Amino acid sequence: DKEYEDFDEYNTDIQSLEYKSSFDNEDPLTEAFRNVFTAKEFAINNVEYASKVQEIENENKKFAVKMLDLCKTSEEANLILSNDLNIKNYFSQVYTAKMAYPRIDVAIQTENTEFV
């Protein structure tokens, strides 16, 4: 299935946790969360790939946790948690204005309990 091949190809770097952003205006953590959303949507219409999609979701979730674990100071962790370049893709403008830590809200939405 061509659609699945494109999906699988897109996430190859994430699976090895040696991720390099493929978009100039994105950070790897935003991409990891977006990949989880994309995988969940893909799984709805392509149940035959459920195990592969679950693997991709898990790798992206692990990547997000690893990135947070790499923070050396609480200031670095605060910077990561309080910024998300694409928060508008997940929540409405009214809601995002009230978020102190948007990445935690996105992690909750993607069911990434280890990140939270």
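For clarity, every value in this text was computed on a predicted model and none was experimentally measured.
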Report task. Determine, using the 4.5 Å side-chain heavy-atom cutoff (strictly less than), whether Tyr101 and Leu79 are members of one ILVMFWY cluster. Result -> no
Report task. Evaluate the side-chain contact (heavy atoms from CB on, under 4.5 Å) criterion for residues Lys40 and Glu111: first the C-alpha distance (whole Å), next the side-chain angles of each, then the deciding distance (0.1 Å), finally the verdict. Result -> CA-CA 11 Å; Lys40 286 181 181 294; Glu111 301 171 357; 3.6 Å; yes
Query raised in the report: Val65 and Val116: same hydrophobic cluster, using ILVMFWY side-chain contacts below 4.5 Å?
Result: yes
Query raised in the report: So, the side chain of Asn78 versus the backbone of Ser74: is there a donor-acceptor pair under 3.5 Å, distance only?
Result: no
**Report entry** Nearest-0.5 Å distance that lies between atom NZ in Lys66 and atom CD in Glu59
**Finding:** 10.0 Å
**Report entry** Residue list, side-chain hydrogen bond (donor to acceptor under 3.5 Å, both in side chains) with Gln54, at least two apart or on another chain
**Finding:** Asn58
Query raised in the report: Say you draw a straight line from CD1 of Ile104 to CG of Asn112; how long is it, rounded to the nearest 0.5 Å?
Result: 11.0 Å
Requested in this report: Carefully, step by step, assess Leu68 and Phe115 under the rule side-chain contact (heavy atoms from CB on, under 4.5 Å).
Outcome: CA-CA 8 Å; Leu68 190 57; Phe115 188 87; 3.8 Å; yes
Query raised in the report: Any side-chain heavy atom of Val53 within less than 4.5 Å of one from Asn46?
Result: no
Requested in this report: For Phe63 and Leu29, work out which heavy atoms get closest and say how close.
Outcome: CE2-N, 4.3 Å
Query - With Glu76 via salt bridge (charged side-chain N to carboxylate O under 4.0 Å, His left out) - residues at least two apart - result: none
Query raised in the report: Any Lys/Arg nitrogen of Glu114 or Lys61 sitting under 4.0 Å from an Asp/Glu carboxylate oxygen of the other?
Result: no
Query raised in the report: What do you reckon, are the aromatic ring centroids of Phe42 and Phe37 less than 6.0 Å apart?
Result: no
Query raised in the report: Which atoms form the tightest heavy-atom contact between Ile80 and Cys71, and what is the distance?
Result: CD1-SG, 3.4 Å
Requested in this report: Return yes if a side-chain donor-acceptor contact under 3.5 Å exists between Arg103 and Thr30, otherwise no.
Outcome: yes
Requested in this report: Supply the atom-to-atom distance Thr110 OG1 to Arg34 CZ, rounded to the nearest 0.5 angstrom.
Outcome: 13.5 Å
Requested in this report: Mind checking the CZ-OG1 spacing from Phe33 to Thr38? Nearest 0.5 Å is all I need.
Outcome: 13.5 Å
